[in-house]
Asks: 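Attaching a single structure in structure tokens format; questions to follow.
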2 protein chains.
Amino acid sequence: MANSSRTFLCMPVWWIFPFTGWFGKPTHPNYASSASSQYMREFLDEMQPGQIREHLRKFTRLPHLSGTEQNLKYAAQIQKEWQEFGLDSVELVPYDVLLSYPNVSQPNYIAIVDAQGHEVFNTSLAEPTPEGYEDVANIIPPYNAYSAKGQPEGDLVYVNYGRTEDFLELQRQLGINVTGKIVIVRYGKIFRGNKVKNAMLAGAKGLILFSDPADYSAKGVKAYPEGWNLPGGGVQRGNVMNLNGAGDSLTPGYPAKDYTYRSRPEDGVGLPRIPVHPIGYHDAFHLLKNMGGQSPPNHWIGAMNVSYRIGPGFTDDFKNQLVRMNIHTNNQVTRIYNVIGKIRGALEPDRYVILGGHRDAWVFGGIDPMSGAALVHETVRSAGKLLRKGWRPRRTIIFASWDAEEFGLLGSTEWAEDNAKVLQERAVAYINADSGIEGMYTLRVDCTPSLHTLVYDLTKQIASPEQDEEGVSLYESWHKKDNWTNDRDAPRISKLGSGSDFEAYFVRLGIAAGRARYTKNRKIERYINYPVYHTVYETFEVVERFYDPSFKRLRAVAQVRGGLVFQLADSEIIPLDANQYAVSLEKYARNIEQIAKMHPKEMQIYEVSFDSLFSAVHNFTVAARDFHERLRNVNRADPLQVRAMNDQLMYLERAFIDPLGLPGRPFYRHVVFAPSSHNKYAGESFPGIYDSLFDIKYSADQEKAWNEVRRQISIAAFTVNAAAMTLTAPA
Amino acid sequence: MANSSRTFLCMPVWWIFPFTGWFGKPTHPNYASSASSQYMREFLDEMQPGQIREHLRKFTRLPHLSGTEQNLKYAAQIQKEWQEFGLDSVELVPYDVLLSYPNVSQPNYIAIVDAQGHEVFNTSLAEPTPEGYEDVANIIPPYNAYSAKGQPEGDLVYVNYGRTEDFLELQRQLGINVTGKIVIVRYGKIFRGNKVKNAMLAGAKGLILFSDPADYSAKGVKAYPEGWNLPGGGVQRGNVMNLNGAGDSLTPGYPAKDYTYRSRPEDGVGLPRIPVHPIGYHDAFHLLKNMGGQSPPNHWIGAMNVSYRIGPGFTDDFKNQLVRMNIHTNNQVTRIYNVIGKIRGALEPDRYVILGGHRDAWVFGGIDPMSGAALVHETVRSAGKLLRKGWRPRRTIIFASWDAEEFGLLGSTEWAEDNAKVLQERAVAYINADSGIEGMYTLRVDCTPSLHTLVYDLTKQIASPEQDEEGVSLYESWHKKDNWTNDRDAPRISKLGSGSDFEAYFVRLGIAAGRARYTKNRKIERYINYPVYHTVYETFEVVERFYDPSFKRLRAVAQVRGGLVFQLADSEIIPLDANQYAVSLEKYARNIEQIAKMHPKEMQIYEVSFDSLFSAVHNFTVAARDFHERLRNVNRADPLQVRAMNDQLMYLERAFIDPLGLPGRPFYRHVVFAPSSHNKYAGESFPGIYDSLFDIKYSADQEKAWNEVRRQISIAAFTVNAAAMTLTAPA
């Protein structure tokens, strides 16, 4: 199947759909010369499903956890192949960061113990190995990286997804205190590190994370290997840090080099203080089936055949039984390796466009991250072909294969710290390349507003990968399947949150950023990520058999990511759109005002007004409009004029960075976008204001709390005004 | 006299001393075209002593304290005249900042009270008015701005200059605790705000600052108006904040605009918590003459005819007497006005060179600041003349007349905060223009190392202003009088400290900065500043009669400041020298290692090594050398190549900024230079390391203290390495 698709796609797409046909003309005002356009067509068409398949096959044969020999071998192999593809330079860049591994001689597990202290039930020590991988060594058993060590024993309390609102409901509506208890929550809805933080704040002495079939099975789909659903023995690995963008826990703010000062381990940033362990639903069934205590609210009930009672502890029949966690995971400073490849820009070598994605995987990384890494590989190969034809991009392109993403975005963040100054001065944009696919429905794009126009223009020039959509552009297909209903008649584009390597580039350094992947149907598929996420069942086969047998979906994603990089690096005028930023700011300002208006009385008492913010957004809107007007009239023959306008475009995102950072989160410095404090995966707009409004409900000193809201509005207004200033004529 | 000198100088200097003569050829490799050189000659020669005299006369007739109507009038007049001189735009930029004024209905003074509580001696409420100014209204009485209100009563303790080491000597050697006492210290050696901080930390409930003749009189010089020494009734005003670069106390980090959130007054940054008041030596004599207690160490003895006993309190004869401070000073948010004028750059309007100095004065500001403001005025006039001849600088020049410098560098800092983003991206250099003269001996320059070469080259092209040095260059004259003995055979250039408006630009934003003035003979004149500093006796006449009767010294200073601006704005290649930065870094690294080596045992125990720092300095040295090698070979015909190299030069200073700031001083972010924690006026190199080493002596936890030293060395090494990286070829 893969083979036939490969043959089909050897014919260049532009040959089948002539350029003047459905591809349409670029609508963006900033576009480049026709020579550059022709090269872009060749660049996109060179990317081949069969090649992507081969790359994915090659790099998913063996487990390659960060810090292991195999992951270094893959790094060396990528280095070698990128050199062969024709990059100007490729180097391995090491850092020594705090990683976390299970103790090989003392496995982690959870037990039910009887009154005599005997373990009457133990959770499994490993996932059943998928067919074909029986002889593979070094499959790390399921664990939560950076868990505290310990063997806490106690009654279980079930707290749904472990969200802020779940713990509140538990304490306020249900009247249950978890101090000294072991909390069990299901995976899903939010980043697991936030669940750990919530459990610690509530006083729990241990936390068990389980995958409920309600959250990790699609209807009518069989469990792997018959289908792509999560089997009962499958367990989601994952780190449970609350780094808030700090990178390596022991060297916050600075790269973890050989000479770098390291905090004492107990002073590390974001390390959980309690044991945390993940289990699958077969094991969860045994822990939950005899739970006593109150019946759960309806929305706490999952899909297993148990009552989901809340506890604390078991029913009367089992009231002597306790749960014991046995966790022996070790933190240790370990060498990691990024691979950094470069194509030197022809005219502006000191302007950088970055395509980066991670290489390290919990096991094979069939989807996460190699379905993305394979696309970077194919992009490098295609760019190498162009280089041989005499093309060289206007600006420098940097390709990165990051290490230790799974341990808290470490490789990408350390490199960002190491290169902060030059990136701040020279980086035009960062395109992220994590998993290329998480569903079979349509495109998903999360990006900064200034990239919206480019994403739309570009996807009009890429073919839909769906079998039944011949002659249909990716844009049309995407638009039809996921219209941005409430806001505008266009395909939905979302805000960037976190959970992947763009974080340091976007939220700390203020570099325009975006990501794209193929996704599920958000309206009807309610499960989270994709069912086999971070399990041993993330194999090459799960992609080849189920997600993208033709590898055309992944090819389309490669074309989106690669096309963004190409346009950003090669267009004479950088294709960023300040007007779209204005549109988004207006929307976010209205949204955040709506939230505040839920407290009309307090807004009056404490004189809280959003006028300054709306006025700033107005100033920004005018400045953006005027900027693009000037841009249309720029003298293209004057390199300094073009460069100056491009600098304003490049620095637009940087203008939203507040060097003082968000309250309590010094490495989240973007005033308009940050990961939510309640779910790292989600993006929050005007996060400083949002968080201060959230705190209103829990503050004993209302005047102080509202003063903080006022302060945050003032900071947001100032920042938006400052951003407007960066767009005006420089003198 | 002024008239005759004016006539003399109407002849252009280059006509008297032909260009190829003693001026010498510029030795800097980065210099511009000969057209630009010719314009520079004209620009320098246009500056005239008589004009400077007139500007100074015009702007020193009336008191113009920050926040007063008169200071706004001068702002409007400057705006008007700069427009007439020919600037492209001139605007008033207001901010609303916390200022501090005496209460008009309740004067501040200090009293000696007897056992019945009667005030038996009161300090004077005003300085005797100088001749010719008897009818002038609005002379603010001497006070310390931002003093806390209060009427503390207690025994006096004399603590020399109130330095860290003085309080230590008091407590450790002399065994005196000042808790609950009123401390009296003499002005001098360090910034008065540091004295206040030290007194507060020691537990004092009030602080009296006096000017001792030992520190404010030159030998053989009469008191004003017969000479330029401080009269006994003269009192030094001055603010006593510890802002550490925060700008407006209520809006740290953000500009104080109408919509800006303001902290509650009690939460303001840097406000003293105790009353503080300044007196002259006539009043000080009365407070000190009956002091009891121990005899002082020799170096605590000043030049008054009193014993300088330490106290606490008076001798037995007066043991019932106490000292009472009556302080009613108010803080209030007040509007201030900067004047911002611009000349748009011809080729790179988005590159800024700034010449800024303050306008607000404690009274007339004869020296501080108008002897500097007059030079800015003359520079603008001369630039306007050139503009009319068809010249336009390559880059944009910004002229600034700052407000509220005397209240904590407020006008300049608020504008820096307001424009932080564009300055960070576009500012090439900042030249400061505070007082042009503080002595009659030679030139004094404090600047970033990358400006050393330009300063030397430029001063070779300027004539010495000394009467007996016809045909001698300023460089030669300066070199002869103040050789940089220990370091090199060249005129001495010092590090920048603080105490003037360059602070936010240099220490917070990392913009290359420098200042120049005429100064005293540091080897034999030991008094501080100049004797009449911040008194009512800082008149036009003190300059005209004593400091610079021909106004040629001020003209030379104007030529240095203006010439720096001209070269930075008009040279094709920005005349900054990375090699000189390397030389200085090497020296600073050796110095700081020497300090650490005073603890050889601890360095071994705690494994403290400077290897990483020396290695970083080595990397920087190589990168700087290679950079200038590439610069020599740059293709001047390619505007993008030139621009890219210039960007590296512009961003060199920025590379030393750590966004996390120095420990406890978030707005001091320059890793190589910061004002000393012990004396704001002085510049400290590698301040993070220095402060951590200083803390060693006072820390109970030696391991923790030495870990902080190691951490600071690591940060310094990383920062210097990162700076080296900014100089390497960009791809």
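Order of the sequence lines fixes the chain letters, A, B, ..., with proteins taken first and strands second; residue numbering starts at 1 for each chain.
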Asks: Can you confirm whether the side chains of A:Asp658 and B:Tyr254 place a donor and an acceptor under 3.5 Å from each other?
Replies: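 Looking only at side-chain atoms, B:Tyr254 and A:Asp658 do form a donor-acceptor pair, the distance falling under 3.5 Å.
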Asks: Please output the residues of residues 724-731 of chain B in contact with chain A, using a heavy-atom cutoff of under 4.5 Å, in numerical order.
Replies: B:Met725, B:Thr726, B:Pro730, B:Ala731
Asks: Given that the side chain runs from C-beta out, which part of B:Arg262 has a heavy atom under 4.5 Å from chain A: side chain, backbone, both or neither?
Replies: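 When you check distances to chain A, no heavy atom of B:Arg262 falls under 4.5 Å.
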Asks: For A:Ala722 and B:Lys421, which heavy atoms make the closest approach, and how far apart are they?
Replies: CB-CG, 4.5 Å
Asks: Which residues pass the side chain to side chain contact (heavy atoms under 4.5 Å, CB included) test with B:Arg392, not counting sequence neighbours?
Replies: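 Partners of B:Arg392 under the side chain to side chain contact (heavy atoms under 4.5 Å, CB included) test: B:Asp88, B:Ile343, B:Arg344, B:Ala346, B:Leu387.
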Asks: Tell me, for A:Gln648 versus chain B, whether the close heavy atoms (under 4.5 Å) come from the side chain, the backbone, both or neither.
Replies: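 The side chain, not the backbone.
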Asks: B:Gln712 versus chain A, heavy atoms under 4.5 Å apart: side chain, backbone, both or neither?
Replies: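 Contact with chain A involves no heavy atom of B:Gln712 at all.
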Asks: Taking side chain as C-beta onward, heavy atoms only, is B:Asn721 less than 4.5 Å from A:Tyr259?
Replies: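 They are in side-chain contact.
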Asks: Decide if atom CD of B:Glu607 counts as having more than 12 heavy atoms of other residues, nucleotides or ligands within a radius under 6.0 Å.
Replies: no
Asks: Please report the shortest heavy-atom distance between A:Tyr261 and B:Asn707, naming the atom on each side.
Replies: OH-CB, 3.3 Å
Asks: Taking every heavy-atom pair that is under 4.5 Å apart, which of B:Ile657, B:Asp258, B:Asn419, B:Ile713 has the most such pairs with chain A?
Replies: B:Ile657
Asks: Counting heavy-atom pairs closer than 4.5 Å to chain A, which one of B:Gly345, B:Ala723, B:Pro255 comes out on top?
Replies: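 Heavy-atom pairs under 4.5 Å are most numerous for B:Pro255.
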Asks: Residues in ring-ring contact (aromatic ring centres under 6.0 Å, His included) with A:Tyr581, at least two apart?
Replies: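 Counting only residues at least two positions away or on another chain, A:Tyr581 forms a ring-ring contact (aromatic ring centres under 6.0 Å, His included) with A:Phe656.
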Asks: Checking B:Ile398 against chain A: side chain, backbone, both or neither under 4.5 Å from a heavy atom?
Replies: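 No part of it gets close to chain A.
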Asks: With rounding to the nearest 0.5 Å, note down the distance linking CZ in A:Arg711 to OG in B:Ser263.
Replies: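 Result: 8.0 Å between the selected atoms.
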Asks: Are the side chains of A:Arg654 and B:Glu425 in touch, meaning some heavy atoms are under 4.5 Å apart?
Replies: yes
Asks: At a 4.5 Å cut-off on heavy atoms, which part of B:Thr260 comes close to chain A: side chain, backbone, both, or neither?
Replies: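 Contact with chain A is through both the backbone and side chain of B:Thr260.
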Asks: Is there a side-chain contact between A:Arg394 and B:Leu640 in this structure, where contact means two heavy atoms from C-beta onward sitting under 4.5 Å apart?
Replies: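 Side-chain contact under 4.5 Å: yes.
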Asks: Please tabulate, for the side chains in residues 659-668 of chain B, all donor-acceptor contacts under 3.5 angstrom to protein atoms that are two or more places apart in sequence or on a different chain.
Replies:
from     : atom 1 : to       : atom 2 : distance (Å)
B:Arg665 : NH1    : B:Pro675 : O      : 3.1
B:Arg665 : NH1    : B:Ser677 : OG     : 3.3
B:Arg665 : NH2    : B:Ser677 : OG     : 3.4
B:Arg665 : NH2    : B:Asp691 : OD2    : 3.3
B:Tyr668 : OH     : B:Glu503 : OE2    : 2.7

Asks: First locate atom CZ of A:Arg426, then atom OH of B:Tyr651, and finally report the distance between them rounded to the nearest 0.5 Å.
Replies: 9.5 Å
Asks: Thinking salt bridges, do A:Asp647 and B:Arg643 make one under a 4.0 Å N-O criterion?
Replies: yes
